[in-house]
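Below is one structure, written out as structure tokens, with a few remarks after it.
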2 protein chains.
Amino acid sequence: MARSDTRFREAYNQLLMHCETLPLEGEIPSEMQLAEMVGVSRTVVRRCLSRLKEQNVISWEGREKRLLRRPRVEDRIAMPEASQPTRDLEQRFLGWVLKFDVPANTPLSVAELSRTFDVPQYDLKEFLAGLSRFGLVSRRPKGGWMLLGFTKEYAIELSDFRSVLESNAVMQVAEAPVDHPVWDALAELRQDHLALKAAIDTDFHEFSKLDERFHQTINSVVKNRFIAEFQKVISLIFHYHYMWDKTEEKGRNAAAIDEHLKIIDALEARDGEAARDAAQRHLRTSKTTLLSSLRHHDLG
Amino acid sequence: MARSDTRFREAYNQLLMHCETLPLEGEIPSEMQLAEMVGVSRTVVRRCLSRLKEQNVISWEGREKRLLRRPRVEDRIAMPEASQPTRDLEQRFLGWVLKFDVPANTPLSVAELSRTFDVPQYDLKEFLAGLSRFGLVSRRPKGGWMLLGFTKEYAIELSDFRSVLESNAVMQVAEAPVDHPVWDALAELRQDHLALKAAIDTDFHEFSKLDERFHQTINSVVKNRFIAEFQKVISLIFHYHYMWDKTEEKGRNAAAIDEHLKIIDALEARDGEAARDAAQRHLRTSKTTLLSSLRHHDLG
DNA sequence: CTTATGTATTAAATAATAAAAAGCCAAATA
DNA sequence: TATTTGGCTTTTTATTATTTAATACATAAG
């Protein structure tokens with residue numbers, strides 16, 4: 001009932017590996033050096049050395065440490081099977097919400113989420129606390145958490161916010177120096193848009209990926225940690241919704257391609273104002289699409 | 001070693017109070033009604049009733065519950081002294097960081113913070129997880145947390161972001177309907193600015209409050225949860241820094257008053273473009289001030 | 001005099017646990 | 001018969017206890 005000793009196990013195995021590179025009776029480096037090597041505190045190193053001595057792999061007397069015998073495979077400590085990485089929890093959680101169409105104002109059970117996502121409860125608590133800053137979840141008065149979005153209001157506010165951020169991004173692109181990599185990327189995007197436009201009848205579902213790439217390219221010009229953080233969530237949400245709303249998909253995508261091309265035109269002409277206007281028109285369309293996809297869910 | 005029974009204690013005392021309003025031998029409402037009343041689960045209500053019966057305050061047999069005697073003051077359960085509210089932890093934390101000029105890349109000890117702020121450790125974990133979304137803190141590889149901001153880069157990106165948000169807000173104000181409360185607020189702000197301008201030689205330190213009010217008024221027009229969340233942090237940070245940077249304060253404030261007035265002029269003329277330009281000029285000044293205040297800290 | 005070790009102190013992660021909430025069912029009421 | 005109520009069970013949450021790990025400090029070795 002306490003913190004796991006994964007650190008110790010990992011360090012122990014690493015030290016074993018290091019021992020294999022040493023000659024028999026060879027001198028083992030100082031505790032501090034070992035700690036540095038393995039990226040762990042001296043406390044852990046000493047625990048490892050204790051065990052190595054116990055197992056008669058090394059001798060250890062004061063600062064004299066020597067290799068007694070060659071380490072064997074069975075000397076290694078088994079690692080507790082690594083659970084799913086907590087890293088992409090955000091992706092998985094938002095995906096779950098959108099895929100299963102979890103309605104607004106659903107109580108979230110940390111215990112249950114912990115099971116579905118195979119993530120310890122305290123990691124989830126931390127994660128949810130972070131999401132609450134985006135207004136996606138909140139604490140319930142009687143304890144626990146609650147999923148707030150995606151209501152119509154949320155979608156509207158998110159779209160508006162996206163509009164604000166992306167208008168700014170477009171303006172910045174227009175003012176980027178000629179040798180900025182964004183220009184090559186845009187030229188390539190133009191080709192890909194034209195290619196898809198030509199094959200729209202069969203390949204229209206390919207647009208989703210292209211769309212994401214387009215917006216990412218535009219936004220990559222803005223070097224701002226706050227905006228970047230939000231973009232991650234925004235693009236995820238829009239992306240998922242489009243994937244699920246299949247009504248009029250071909251027509252919608254064809255129209256979006258033209259809108260994108262207009263933005264590229266304006267940008268390459270270095271006309272910031274025109275680009276911003278084109279971008280805003282495009283984002284208004286996106287907003288409408290997002291809202292109508294919500295309406296379909298309501299009815300279905 | 002488990003969750004506190006504050007809920008029970010509070011509920012018990014509330015039920016005692018309710019009993020006082022009842023006549024002797026009076027019927028006590030159903031468990032569900034009591035639970036609803038006190039805002040607590042039936043489980044807690046039943047625990048309370050058990051104790052009330054034990055203390056001979058009520059009789060309780062099946063669904064027949066009657067008041068046996070008038071509750072006395074000593075029947076109440078003592079409440080564990082409420083620690084500092086976790087509510088304004090954000091204010092206190094940011095205040096602490098800025099006031100003591102905690103440098104960037106300082107390791108934060110949850111244990112220590114818990115003591116200084118008189119807040120349980122898990123609350124702090126949640127809070128820090130939230131702040132990490134703003135890029136102010138992050139997890140350290142070997143565990144624990146680390147304060148990232150306020151570096152020069154952070155200040156620049158924050159200022160730029162603020163600029164984006166506030167330009168948008170200003171544009172929206174310009175398009176607000178004539179009966180929107182913002183117009184009255186702006187008229188009042190104009191008077192207060194003029195008054196302070198007249199008395200600038202003596203009252204220049206009053207500007208800080210006025211500044212906050214001005215920006216809050218502008219931003220209040222934008223109804224957007226994402227923007228609102230950020231504004232809280234942004235205004236807090238800018239505000240604190242100005243409070244601590246005393247160089248040239250009078251001159252700076254006098255100039256800012258004029259900049260504010262120009263924005264108000266443009267807004268009242270319903271000239272969105274002009275208002276945005278004026279706002280951007282003002283925010284550029286703010287950015288410079290913020291950066292120079294950081295530089296002073298570096299030198300001092 | 002610097003660097004490494006031994007020891008003590010402090011902090012962090014996390015499982016265990018009491019408190020609270022939610023769920024279920026039969027009995028009682030209307 | 002439909003609905004509410006109370007007794008009981010199960011699940012979940014908040015919070016602590018405890019183990020692991022990190023850090024600080026004194027002491028010894030080179």
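The sequence lines fix the lettering, A, B, ..., with proteins before strands; numbering per chain opens at 1.
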task: Would you kindly give the CG-to-C1' distance between A/Leu34 and C/dG6, to the nearest whole Å?
output: 16 Å

query: CZ of A/Arg47 versus C1' of D/dA22: gap in Å, rounded?
result: 13 Å

- line: Whether each nucleotide of nucleotides 3-13 of chain D has a protein heavy atom under 4.0 Å at its base (B), only at its sugar-phosphate (S) or at neither (-) is summarised, 5' to 3', as --BBB----SB

message: Strictly below 4.0 Å, N to O, side chains only: are B/Lys223 and A/Glu157 in salt-bridge contact?
response: no

field: Atom pair CG/CG of B/Leu131 and B/Leu124 - distance to nearest 0.5 Å
entry: 10.0 Å

query: Within this structure, what is the OH-to-C1' distance between B/Tyr122 and D/dT18, rounded to whole angstrom?
result: 17 Å

message: Under a 3.5 Å distance rule, please check whether A/Ser114 uses its side chain to pair with a backbone N or O of A/Val119 as donor and acceptor.
response: yes

statement: Rounded to whole Å, the CG-C1' distance (B/Asp5 to D/dT15) equals 12 Å

Tabulate below the donor-acceptor pairs under 3.5 Å that side-chain atoms of residues 13-31 of chain B make, not counting sequence neighbours, or state none.
| from | atom 1 | to | atom 2 | distance (Å) |
| --- | --- | --- | --- | --- |
| B/Asn13 | OD1 | B/Ile77 | N | 3.0 |
| B/Asn13 | ND2 | B/Ile77 | O | 3.0 |
| B/Thr21 | OG1 | B/His18 | O | 2.6 |
| B/Ser30 | OG | B/Gln33 | N | 3.3 |
| B/Ser30 | OG | B/Gln33 | OE1 | 3.3 |
| B/Glu31 | OE1 | B/Arg42 | NE | 3.0 |
| B/Glu31 | OE1 | B/Arg42 | NH2 | 3.2 |
| B/Glu31 | OE1 | B/Arg46 | NE | 3.1 |
| B/Glu31 | OE2 | B/Arg46 | NE | 3.2 |

- request: Give the rounded distance in Å between these two atoms: CZ of A/Arg9 and P of D/dT20.
  value: 10 Å

- prompt: Separation of A/Leu49 atom CG from C/dG6 atom C1', in whole Å?
  reply: 13 Å

query: Is the distance from OP1 or OP2 of D/dA21 to the nearest side-chain N or O of A/Ser41 less than 4.0 Å?
result: no

message: Can you confirm if the aromatic rings of A/Phe230 and B/Phe230 lie within a centre distance of less than 6.0 Å?
response: yes

message: Could you report the tightest heavy-atom contact between A/Ala155 and A/Leu290, atom names first, then the distance?
response: CB-CD2, 3.9 Å

